[in-house]
Amino acid sequence: MNCPKCNQEMRKGYLFTTKDGAFSFADEVPGLTKNAKNTEGFVEITPIQMGHRVHIEAYCCENCRLVQFDY
Ligand SMILES: [Zn+2]
(Lines give C-alpha, C1' and ligand atoms only; values in the text may rest on other atoms or scores of the structure.)
Protein backbone atom coordinates (compact mmCIF):
# COMPACT_ATOMS: atom_id res chain seq x y z
CA MET A 1 0.00 0.00 0.00
CA ASN A 2 1.30 3.44 -0.88
CA CYS A 3 0.94 6.51 1.31
CA PRO A 4 -1.94 8.77 0.17
CA LYS A 5 0.14 11.84 1.05
CA CYS A 6 3.66 11.17 -0.30
CA ASN A 7 2.91 8.05 -2.40
CA GLN A 8 5.84 6.07 -0.97
CA GLU A 9 5.47 2.44 0.12
CA MET A 10 3.98 2.17 3.62
CA ARG A 11 5.30 -0.26 6.25
CA LYS A 12 2.91 -3.09 7.08
CA GLY A 13 2.48 -3.93 10.75
CA TYR A 14 0.01 -3.70 13.59
CA LEU A 15 -1.52 -0.85 15.48
CA PHE A 16 -1.93 -2.08 19.05
CA THR A 17 -2.97 -0.80 22.44
CA THR A 18 -2.10 -1.09 26.07
CA LYS A 19 -3.44 -4.33 27.49
CA ASP A 20 -7.01 -3.24 28.21
CA GLY A 21 -7.64 -0.76 25.41
CA ALA A 22 -9.86 -0.88 22.35
CA PHE A 23 -10.32 1.65 19.56
CA SER A 24 -13.61 3.22 18.63
CA PHE A 25 -14.64 6.16 16.47
CA ALA A 26 -17.43 8.65 17.12
CA ASP A 27 -18.43 12.28 16.57
CA GLU A 28 -17.00 13.15 19.97
CA VAL A 29 -15.10 11.46 22.79
CA PRO A 30 -17.57 10.14 25.39
CA GLY A 31 -17.12 10.94 29.07
CA LEU A 32 -15.70 8.18 31.27
CA THR A 33 -19.05 7.51 32.94
CA LYS A 34 -20.96 7.21 29.66
CA ASN A 35 -21.41 3.93 27.75
CA ALA A 36 -19.25 4.66 24.71
CA LYS A 37 -21.55 2.72 22.40
CA ASN A 38 -24.31 5.28 23.02
CA THR A 39 -22.19 8.14 21.66
CA GLU A 40 -23.43 9.81 18.47
CA GLY A 41 -21.84 8.26 15.37
CA PHE A 42 -20.25 5.35 17.29
CA VAL A 43 -18.23 2.85 15.21
CA GLU A 44 -16.41 -0.08 16.81
CA ILE A 45 -12.93 -0.26 15.27
CA THR A 46 -11.49 -3.08 17.38
CA PRO A 47 -13.37 -5.34 19.82
CA ILE A 48 -11.98 -5.77 23.34
CA GLN A 49 -9.88 -8.93 23.57
CA MET A 50 -9.44 -10.04 27.15
CA GLY A 51 -5.90 -11.19 27.91
CA HIS A 52 -4.50 -9.87 24.61
CA ARG A 53 -3.35 -6.56 23.31
CA VAL A 54 -6.10 -5.20 21.09
CA HIS A 55 -4.59 -4.88 17.63
CA ILE A 56 -5.42 -4.25 14.00
CA GLU A 57 -3.35 -4.72 10.84
CA ALA A 58 -2.15 -1.31 9.70
CA TYR A 59 0.17 0.53 7.36
CA CYS A 60 2.49 3.26 8.56
CA CYS A 61 4.29 6.11 6.77
CA GLU A 62 6.86 7.48 9.18
CA ASN A 63 7.65 10.41 6.88
CA CYS A 64 4.08 11.74 7.03
CA ARG A 65 3.35 10.28 10.50
CA LEU A 66 0.28 8.63 9.01
CA VAL A 67 -1.21 5.27 10.03
CA GLN A 68 -3.92 3.72 7.87
CA PHE A 69 -6.01 0.62 8.48
CA ASP A 70 -9.17 -1.16 7.38
CA TYR A 71 -11.56 -2.23 10.14
ZN1 LIG B 1 3.78 9.48 3.41
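Both ligands and their constituent atoms are indexed starting at 1 by order of listing.
- Shown here is Lys12, whose NZ atom has no more than 12 heavy atoms of other residues, nucleotides or ligands within 6.0 Å.
- If you look at the Zn ion (ligand 1), the protein N, O or S atoms less than 2.8 Å from it are Cys3 SG, Cys6 SG, Cys61 SG, Cys64 SG.
- Counting heavy-atom neighbours within 6.0 Å of Glu44 CD, excluding the residue itself, gives a total above 12.
- Partner Val54 forms a side chain to side chain contact (heavy atoms under 4.5 Å, CB included) with one of Leu15, Thr17, Thr18, Ile45 and no other, that one being Thr17.
- Within 6.0 Å of CZ on Phe25 lie no more than 12 heavy atoms contributed by other residues, nucleotides or ligands.
- No continuous path of hydrophobic side-chain contacts links Phe23 to Ile48 [ILVMFWY only; heavy atoms under 4.5 Å].
- Between Glu57 and Phe69 the shortest heavy-atom distance is O-CB, 3.3 Å.
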